[in-house]
Amino acid sequence: MVQSSVLGFPRIGVLRDLKKANEAYWGDKLSQADLLAEGKRLRLAHWKIQKDAGVDIIPSNDFAHYDHILDHIQLFNAVPERYTSQKLDPIDEYFAMGRGHQKGGVDVPALEMVKWFDSNYHYVKPTLQDNQTFSLSKDPKPVREFLEAKEAGIHTRPVLVGPVSFLALGKADRGSSVDPITLLDKLVPVYVELLKALKAAGADSVQIDEPVLVYDLRPEIKNAFKPAYEAIGALGDAAPSIIVATYFGDIVHNFDILPAFSKLKGIHVDLVRNPEQLEPVLKQLGPSQTLSAGVVDGRNIWKNNFQKSIALVQTAIKALGPERVIVSTSSSLLHTPHTLASEKKLPAEVYEWFSFAVEKVKEVAVLAKAVVDPEAVRAELDANAASWKSRAESSRTNDPKVKERQAQVTPEMHNRKSPFDSRYAQQKTHLKLPLFPTTTIGSFPQTQEIRVQRNKFTKGEISAEQYDDFIKKEIDLAISIQDELDLDVYVHGEPERNDMVQYFGERLTGYVFTTHAWVQSYGSRCVRPPIIVGDISRPAPMTVKESKYAASVSKKPMKGMLTGPVTCLRWSFPRDDVHQSVQCQQLALALRDEVVDLEKNGIFVIQVDEPALREGLPLRKGSERDAYLQWAVDSFKLATAGVEDSTQIHSHFCYSEFQDFFHAIAALDADVLSIENSKSDAKLLKVFIDEAYPRHIGPGVYDIHSPRIPAEAEFKQRIQEMLQFLRPDQLWINPDCGLKTRKWDEVKGALTHMVNAAKYFREQY
Ligand code: GLN
Ligand code: ZN
């Protein structure tokens with residue numbers, strides 16, 4: 001018998017129920033008992049979905065009210081003292097670490113939160129002390145939730161984050177210098193105790209996630225697996241059987257670690273990302289070990305390709321026999337929306353191509369049957385084949401005109417006409433910019449009024465003309481404020497944009513949008529990425545109307561504002577039937593037309609934002625990363641190189657750590673880069689001198705995430721620091737990022753000080 005398993009299920013519920021409950025609790029509108037009851041209801045509902053679908057191995061402890069790594073911090077009593085000393089209820093202490101706590105005389109900030117591998121999910125970083133101790137919390141959550149499921153008649157496999165990943169993903173607290181991995185000896189006994197407790201509660205198997213196995217690991221971390229898993233393996237029958245799970249990459253480069261798992265039941269690998277690791281992994285398994293084959297994508301929304309998955313699983317069965325193979329999701333389904341059944345507005349044709357979490361769970365169960373007895377699931381197999389055929393043949397997927405245009409892309413199309421020096425000479429006379437030019441990153445406050453009008457327009461309560469008039473008034477307002485502030489390069493303020501990717505997606509062919517397909521980003525925050533379903537093209541200009549109007553009423557250069565090809569791709573669900581580089585090039589060609597159209601309409605400064613460029617970086621150094629950087633950079637260049645030398649191309653990134661891919665940033669050949677810097681060390685700018693970066697840079701001079709208005713002196717000091725690392729003729733003065741989340745008073749206050757500081761330095765040089 002081949003078993004089916006799921007590594008984890010989304011937590012938020014059909015209608016973002018968990019978000020609503022958490023936020024109501026935070027706002028004192030829901031009692032603690034009701035909040036916990038809602039968590040329990042969601043867990044039971046999710047277990048039942050999987051049981052009804054026929055999944056053999058159903059996860060528990062995959063649910064979290066905020067984040068599963070945060071759960072483990074509490075589980076191991078690894079909560080920093082600044083939280084424990086507040087003597088809060090456990091759930092409040094938990095939320096205090098996740099999001100800070102400012103209530104009843106208590107004021108503690110949140111722990112640091114960072115991206116979970118290359119996904120858009122964020123986890124709370126374990127934050128550890130020099131004298132860190134660990135112990136098992138009272139009433140441990142994995143045991144409690146296992147028993148909760150058991151009571152409901154559902155036998156589950158608890159999921160734990162493994163000791164090596166827990167430590168490797170952590171950091172020393174401020175004031176401490178401990179390397180977290182050196183705490184392994186103290187942590188492993190807690191796992192031993194926990195595994196015994198799970199066994200005593202009736203668990204016969206446990207999934208231990210060690211996702212760091214897909215990284216390049218430093219020796220200290222590599223060497224930690226052996227002691228950790230020998231101690232765990234030595235438990236024998238005193239612990240449940242254990243599957244070590246890895247995902248988001250291959251583990252071939254870490255095969256020398258695998259002997260550490262020789263006493264365990266087996267390993268799980270991601271065969272969606274790296275199907276080629278199957279054969280080598282099969283050779284590495286011990287004589288009785290099991291392979292959990294991750295063939296149903298936990299990161300995307302596409303229906304599984306049964307034919308492909310069956311072939312992979314059959315290869316495993318041939319090597320190991322059916323008893324030693326488990327069919328599984330590639331990773332937790334945390335990164336997929338809840339159910340396709342909620343989507344009532346998708347085109348019927350397209351609807352058939354998708355599979356969200358509820359549907360993926362069924363796919364896993366069907367696949368496990370199909371590999372043993374295809375006739376038992378013949379109808380499902382036929383329907384799947386028909387769906388893939390319809391998708392492959394659809395005119396929505398294939399646009400010969402787009403392909404033809406891609407075939408005609410030449411290397412020269414990626415390059416500006418002249419090198420930067422001569423471009424800049426022309427831009428200088430054309431744009432008449434002073435030294436230390438001031439500008440902003442694009443958006444101005446998205447007020448309540450803007451949201452109300454946009455909503456009315458979407459619902460058809462006001463006409464397109466009325467809405468256009470409203471947008472024009474907003475642009476007028478933004479321009480009159482920039483006049484008062486005496487900025488040098490203006491923006492129109494982006495009042496017409498709901499979201500920097502969705503706005504463009506809605507104007508491009510090849511995209512579809514969902515109404516309920518939310519995915520957790522962090523805590524209660526969810527995103528609803530648009531979906532790329534087919535070849536992308538631009539039927540008409542997307543931003544020209546607003547920018548042209550803005551330029552017509554402004555006396556200074558107006559900056560056009562676009563979202564770059566890589567960011568459009570990364571913040572959407574991409575297609576899985578063509579390589580991402582192909583999709584990115586299609587986006588680039590669409591944006592190239594937009595850039596050229598903006599220029600034709602009198603916009604001679606154009607900013608193409610690429611905040612997602614770095615997060616797309618493959619997890620390991622090497623050929624995959626090099627290839628990514630090549631096509632990502634090429635896409636940006638293709639999008640922007642169609643203009644005259646006298647037109648100035650800007651780009652923007654929301655970070656300033658460029659150390660590991662500086663050459664790629666330089667290769668973009670953007671005339672001006674604006675980057676986040678106000679919360680980072682100005683020393684990060686040193687790389688620009690070290691590498692003799694010739695072009696212009698605007699490192700953010702203040703933090704736009706805070707309502708605080710910095711004093712003029714602070715701006716001056718920040719600029720002075722920057723001048724240690726950048727040439728005066730190369731420095732632009734701008735905020736860290738767009739101002740859409742701020743209030744107008746805050747914007748005016750801060751920008752007044754910013755412009756004054758720029759003028760002060762202008763006089764000095
Ligand atoms: N132009 C965008 C804005 O100002 C940039 C947003 C971003 O970098 N995330 O809002
Ligand atoms: Zn930004």
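In what follows, every heavy atom counts, from backbone to side chain, and hydrogens, waters and symmetry copies are set aside. It should be emphasised that the depicted structure is a prediction, and the values quoted were computed from it without experimental measurement. When a ligand or atom number is given, it counts from 1 through the structure's own listing order.
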Kindly determine whether Glu615 and Lys115 satisfy salt bridge (charged side-chain N to carboxylate O under 4.0 Å, His left out), including the steps that lead there.
CA-CA 9 Å; Glu615 66 180 56; Lys115 265 186 190 287; 3.3 Å; yes
For His652, the ligand 1 atoms whose distance to one of its heavy atoms is below 4.0 Å
8 (O)
Please list the nearest protein heavy atom to atom 6 (C) of ligand 1 with its residue and the distance rounded to 0.1 Å.
Met500 SD, 3.5 Å
With heavy-atom distances below 4.0 Å as the criterion, list the atoms of ligand 1 near Cys654.
7 (C), 8 (O), 9 (N)
4.5 Å side-chain heavy-atom contact, Asn498 and Glu506:
yes
Enumerated ligand 1 atoms positioned under 4.0 Å from heavy atoms of Gly442
4 (O)
Under a 4.0 Å heavy-atom limit, does Ser443 contact ligand 1 with its side chain, its backbone, both, or neither?
both
Close-contact set for ligand 1 against Gly738 heavy atoms, below 4.0 Å
3 (C), 4 (O), 10 (O)
How about Arg11 and His68: does a side-chain donor come under 3.5 Å of a side-chain acceptor?
yes
Quick one: the SG of Cys737, the Zn ion (ligand 2), NE2 of His652 angle, rounded to 10°, please.
120°
Pick, from Thr741, Asp609, Val491, the option with the minimum heavy-atom distance to atom 5 (C) of ligand 1.
Asp609
Ion pair check, Glu23 and Lys19, cut-off under 4.0 Å:
yes
What do you reckon, does Ile441 have a nitrogen or oxygen under 3.5 Å from a nitrogen or oxygen of ligand 1?
yes
Please identify which atoms of ligand 1 are closer than 4.0 Å to at least one heavy atom of Glu494.
1 (N), 2 (C), 3 (C), 4 (O), 10 (O)
With salt bridge (charged side-chain N to carboxylate O under 4.0 Å, His left out) as the criterion, how do Asp671 and Arg423 come out once you've worked through the C-alpha distance, each side chain's angles and the decisive distance to 0.1 Å?
CA-CA 8 Å; Asp671 298 307; Arg423 291 195 316 253; 2.9 Å; yes
Mind telling me whether Phe457 and Tyr467 have parallel, tilted or perpendicular rings, with 30° and 60° as the class edges?
parallel
Can you see whether Phe248 has Arg299 sitting over its ring - NZ or CZ less than 6.0 Å from the centre and within 45° of the normal?
yes
